[in-house]
K.L.:
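Following this message is one structure expressed as structure tokens.
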Protein chains: 2
Amino acid sequence: MFKTNQYFDGNVVSIGMDSVEGNATVGVMAAGEYEFGTSSVEVMTVISGELTIKQPGETEWKTYRKFESFVVAKDVKFKVKCTQDTPYLCLYK
Amino acid sequence: MFKTNQYFDGNVVSIGMDSVEGNATVGVMAAGEYEFGTSSVEVMTVISGELTIKQPGETEWKTYRKFESFVVAKDVKFKVKCTQDTPYLCLYK
């Protein structure tokens, strides 16, 4: 009943759901660097460890830690890197 | 590369990982009531919404909300219920 998705040869796996906060996924990223595209505003929250992010148009990376969130605009690409398996929550707005 | 598991006819789905906090899963439970068994101490954290828990030997249920955690002993059974798709993190100690 839950749909799972794999990206980047299975280095990122997520599970979709209808949470109390709306349409969402929880997932895990393996150590690596990834570029994601958005089709809605996304609010991403680190669940354990940390994710380092480069927002579209920015030159600097910024690191977010356990329970910290960042917002990514609609219809953009952004970069994420991490150094260990890192679980995250993504809310689609 | 990540292993996903399904329980209770797919009403609970999880993804295993080696997080910075150790061996862990992130998962989602559909609305319902479940009994889980532990084979190690487990630290469970609600990621969104809430989970209502009955610890082994207890008669009362207790509710945990977003980012709240509870610990379950090794080799016991405990009950969990929720009223909407609820994402969680489980750390195995």
Side-chain angles (χ1 to χ4, degrees), chain A residues 1-34 36 41-52 63-71 80-93, chain B residues 1-34 36 41-52 63-71 80-93:
Chain A
M1 76 163 278
F2 290 113
K3 184 164 185 274
T4 60
N5 284 297
Q6 297 203 354
Y7 308 93
F8 303 104
D9 296 323
N11 283 293
V12 179
V13 178
S14 69
I15 308 167
M17 81 197 80
D18 177 25
S19 78
V20 297
E21 297 182 272
N23 186 19
T25 56
V26 278
V28 186
M29 299 183 197
E33 183 176 324
Y34 310 97
F36 294 94
V41 172
E42 296 185 6
V43 181
M44 289 194 70
T45 302
V46 178
I47 295 173
S48 179
E50 57 186 47
L51 293 175
T52 298
T63 296
Y64 296 86
R65 297 180 175 79
K66 185 175 176 117
F67 299 159
E68 292 181 344
S69 298
F70 57 93
V71 179
V80 180
K81 57 186 179 183
C82 58
T83 57
Q84 188 152 352
D85 296 351
T86 304
Y88 66 90
L89 174 72
C90 185
L91 301 174
Y92 303 94
K93 299 296 185 180
Chain B
M1 77 162 276
F2 290 113
K3 184 164 186 277
T4 60
N5 285 298
Q6 297 202 354
Y7 308 92
F8 303 103
D9 296 324
N11 283 293
V12 179
V13 178
S14 69
I15 309 167
M17 81 195 80
D18 177 25
S19 79
V20 296
E21 296 181 272
N23 186 19
T25 56
V26 278
V28 186
M29 298 182 199
E33 182 176 326
Y34 310 98
F36 294 96
V41 172
E42 296 186 4
V43 181
M44 291 195 68
T45 303
V46 178
I47 295 173
S48 179
E50 56 187 47
L51 292 176
T52 298
T63 296
Y64 296 86
R65 298 181 174 79
K66 185 174 175 122
F67 299 159
E68 292 181 343
S69 297
F70 57 93
V71 179
V80 180
K81 57 186 180 183
C82 58
T83 57
Q84 187 152 352
D85 296 350
T86 305
Y88 66 90
L89 173 72
C90 185
L91 301 175
Y92 302 94
K93 298 296 186 181

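Note that this is a predicted model, so its numbers are computed, not measured. Every chain is numbered from 1, with letters handed out A, B, ... down the list of sequences.
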K.L.:
For the residue pair A:Y92 / A:T25, report whether a side-chain donor-acceptor contact shorter than 3.5 Å exists.
P.N.:
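A donor-acceptor contact under 3.5 Å links the two side chains.
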
K.L.:
Given that the side chain runs from C-beta out, which part of A:I47 has a heavy atom under 4.5 Å from chain B: side chain, backbone, both or neither?
P.N.:
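Both backbone and side chain.
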
K.L.:
Among B:D18, B:T86, B:L89, which residue has the highest count of heavy-atom pairs closer than 4.5 Å to chain A?
P.N.:
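When all of B:D18, B:T86, B:L89 are compared, B:D18 has the most.
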
K.L.:
I'd like to verify something: which residue of A:D9, A:V13, A:V28, A:T83 has the highest number of heavy-atom pairs under 4.5 Å with chain B?
P.N.:
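Heavy-atom pairs under 4.5 Å are most numerous for A:V28.
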
K.L.:
Any idea which of A:V12, A:T4, A:D85 has the most non-hydrogen atom pairs under 4.5 angstrom with chain B?
P.N.:
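Between A:V12, A:T4, A:D85, the count favours A:D85.
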
K.L.:
Looking only at heavy atoms, what is the nearest atom pair of A:Y88 and A:S14, with distance?
P.N.:
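Closest heavy-atom pair between A:Y88 and A:S14: OH-CB, 3.6 Å.
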
K.L.:
A:F70 vs A:Y64 aromatic rings, parallel, tilted or perpendicular, using cut-offs 30° and 60°?
P.N.:
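It falls in the tilted class, 30° to 60°.
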
K.L.:
Taking the inter-plane angle between the rings of A:F8 and A:F36 on a 0 to 90° scale, is it parallel (under 30°), tilted (30 to 60°) or perpendicular (over 60°)?
P.N.:
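It falls in the perpendicular class, over 60°.
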
K.L.:
Flag the one option from B:S48, B:G16, B:G27, B:C82 with the top tally of heavy-atom pairs under 4.5 Å to chain A.
P.N.:
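That would be B:S48.
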
K.L.:
Minimum heavy-atom separation for A:A24 and A:L91, please, with both atom names.
P.N.:
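That would be CB-CD2, 3.6 Å.
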
